[in-house]
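See structure below.
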Protein chains: 2
Amino acid sequence: MARTQTTTAQNYLKELYQLQQRSDGHAPVPLGQLADSVGVTPGTATTMVKRFAGDGLMRYTPRRGARLTPKGEKVALGVLRRHRIVETFLVQHLGLDWSEVHEEAEVLEHAVSEKVLDRLDALLGHPTTDPHGSPIPPAHGKMQRVAMRPLSRCKAGQRVTIGRLLDTAPGFLKLAETLGLVPDTQVRIVEVNEDADAVTVRIGRRKPATLGLAAADKIMVSND
Amino acid sequence: MARTQTTTAQNYLKELYQLQQRSDGHAPVPLGQLADSVGVTPGTATTMVKRFAGDGLMRYTPRRGARLTPKGEKVALGVLRRHRIVETFLVQHLGLDWSEVHEEAEVLEHAVSEKVLDRLDALLGHPTTDPHGSPIPPAHGKMQRVAMRPLSRCKAGQRVTIGRLLDTAPGFLKLAETLGLVPDTQVRIVEVNEDADAVTVRIGRRKPATLGLAAADKIMVSND
DNA sequence: ATGAACACTTTGATTATTCAAAATAAATAT
DNA sequence: ATATTTATTTTGAATAATCAAAGTGTTCAT
Ligand SMILES: [Mn+2]
Ligand SMILES: [Mn+2]
Ligand SMILES: [Mn+2]
Ligand SMILES: [Mn+2]
């Protein structure tokens, strides 16, 4: 109950939430992964997770991993909501580049009060996704799950729309912007070459762009 | 050099700066006062101040008190600048009440980056004072010192303009707003009664308002 | 001067968070 | 089935920040 409000706890909870999403079954997330995401050594993660479990925020099975409890998930979603609304504000109202807002939001997500958040949300017109296409958890109620697949799983000839960028690294986002691979943009899959480990796409009549599969894995798209 | 960036250090430095302003001579500020302002016990203040002195942020004379070094003052002014720009933003762009923005800014002042600060500053049109009339330290260069005296030192019959409210307590600010005692408002001093410990003022043709001297002490005014 | 009062400092603990290195368990390979 | 490798957990130690209570130095009043 206590740790809920510290920046540290918020980060652990938020990261665990995101890890759960990815490898989503009901399988616990190995603490090594959590440690990586949070940026601490594995031993530290073990120590902290045991504490959060004691606080009723996570469920922990030694050697297997951790999962958020409903209570922990509630906190995590709150942090994620603040993070994404802040990012949206920074881009739309302060004109920061979308490649740099993640870092800013990583700090501000812990400093914005409920009241300020509500005002920002209203000012932005209650957005449902952040600048990278990630869904903004609603203040109340469940978050919409949009079905998307990575660009790397598309077939040549398909026409898809960029929905969401999964990597927050400034370099990656900068590149994606340069290539025009931003949410809501339609692209045509020119070629998928598993052997060359590459995907070639084309936006309108621009010159085709080729990406490695690892990068294409981070770009989620939907049909039409 | 290390502590400069922690929230705790920023608070100590900022509070010390403000205390220095008030009792300004070059006299050191007793640690008891600093402890009060920061909200810790005196022993804690002693411990911390010794550390900050070691970091070259404060100069400390046991039993007498502490002063900021030029380096410490630079940090303090930065925090104050962030605090006041954030307050101004919260009032002017998010529409929060001026009585509640201080608390919000107390947290956000530690989370806003230089880049975000610059954008906010530009968005606000480079304001020179915050909603309570306090001067916003400029990004570079010295802060302007405006001469003002407390409402409590005015004489009956004088016409003065409210310049700045020194108390950040929501209750006080709420009251001041109700009475119309906000920066840039002209008021007439109806009566100053030292014995009754009261000052009566009048704004335009509203009904006169009477304040205790303690409250009037927190309201700084200038002539004309 | 002499002893209160008062202010400030020290001391001894505590909580939160983290790391490095040693210990252990689980999974893999031979 | 071993031996080896890899993932996790434990242990022992820091650092930052804080408090309560005991100790000291100063200031004041008589
Ligand atoms: Mn982000
Ligand atoms: Mn964060
Ligand atoms: Mn303020
Ligand atoms: Mn603060």
Side-chain angles (χ1 to χ4, degrees), chain A residues 1-16 19-20 22-23 27-67 72 75-76 79 106-107 109-111, chain B residues 1-16 19-20 22-23 27-67 72 75-76 79 106-107 109-111:
Chain A
M1 191 199 293
R3 254 130 260 47
T4 296
Q5 53 275 34
T6 90
T7 287
T8 300
Q10 289 177 1
N11 282 333
Y12 277 90
L13 295 169
K14 188 189 63 168
E15 293 305 333
L16 179 53
L19 289 169
Q20 284 186 186
R22 299 255 175 292
S23 63
V29 175
L31 298 210
Q33 268 173 52
L34 180 57
D36 274 352
S37 294
V38 175
V40 296
T41 59
T44 299
T46 302
T47 304
M48 294 302 283
V49 164
K50 285 199 287 197
R51 184 147 47 168
F52 297 136
D55 293 338
L57 296 165
M58 295 181 185
R59 192 167 58 265
Y60 167 57
T61 314
R63 301 279 167 185
R64 313 204 90 274
R67 294 285 299 182
V75 176
V79 180
E106 202 53 59
V107 177
E109 67 189 359
H110 311 292
Chain B
M1 192 201 291
R3 258 131 256 46
T4 296
Q5 53 276 32
T6 89
T7 287
T8 300
Q10 290 176 0
N11 282 332
Y12 277 90
L13 294 169
K14 188 189 62 169
E15 293 305 333
L16 179 53
L19 290 169
Q20 284 186 185
R22 299 253 176 293
S23 64
V29 174
L31 298 211
Q33 268 172 52
L34 181 57
D36 274 353
S37 294
V38 176
V40 296
T41 59
T44 299
T46 301
T47 303
M48 294 301 284
V49 165
K50 286 200 285 198
R51 182 134 43 118
F52 297 136
D55 293 337
L57 296 166
M58 295 181 184
R59 191 167 56 265
Y60 167 56
T61 315
R63 300 277 167 186
R64 313 202 90 274
R67 294 284 300 181
V75 176
V79 180
E106 202 53 60
V107 178
E109 67 189 359
H110 311 293

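Just so it is clear, the structure is predicted and the values come from calculations on it, not from any experiment. Below, chain A is the first sequence line, B the second, and so on; all start at residue 1.
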Could you state the [atom1]-[atom2] distance from [X] to [N], rounded to the nearest angstrom?
X: A:L34; N: D:dA7; atom1: CG; atom2: C1'; value: 14 Å
X: B:F52; N: D:dA17; atom1: CZ; atom2: P; value: 6 Å
X: B:H110; N: D:dA17; atom1: NE2; atom2: C1'; value: 15 Å

Are OP1 or OP2 of D:dA20 and a side-chain N or O of B:T41 less than 4.0 angstrom apart?
no

Does a nitrogen or oxygen in the side chain of A:R51 sit under 4.0 Å from OP1 or OP2 of C:dT17?
yes

Could you pull out the closest heavy-atom pair between [X] and [Y], with the gap in Å?
X: A:Y12; Y: A:T44; result: OH-CG2, 3.5 Å
X: B:Q10; Y: B:H110; result: OE1-ND1, 2.6 Å
X: A:P42; Y: A:A35; result: CA-CB, 3.8 Å
X: B:L13; Y: B:V75; result: CD1-CG1, 3.5 Å

Below 4.5 Å, heavy atoms only, C-beta onward: do A:T61 and A:R67 meet side chain to side chain?
no

Is the closest side-chain heavy-atom distance between B:V29 and B:R22 below 4.5 Å?
no

Write down the protein N/O and nucleotide N/O pairs, taken from nucleotides 8-12 of chain D, whose separation is under 3.5 Å; answer none if there are no such pairs.
| from | atom 1 | to | atom 2 | distance (Å) |
| --- | --- | --- | --- | --- |
| D:dT8 | OP2 | A:G32 | N | 3.4 |
| D:dT8 | O4' | A:R63 | NH1 | 3.3 |
| D:dT8 | O2 | A:R63 | NH1 | 3.3 |
| D:dT8 | O2 | A:R63 | NH2 | 3.4 |
| D:dT9 | OP1 | A:Y60 | OH | 2.4 |
| D:dT9 | OP1 | A:R63 | N | 2.8 |
| D:dT9 | OP2 | A:T46 | OG1 | 2.8 |
| D:dT9 | O4' | A:R63 | NH2 | 3.4 |
| D:dT10 | OP2 | A:K50 | NZ | 2.5 |

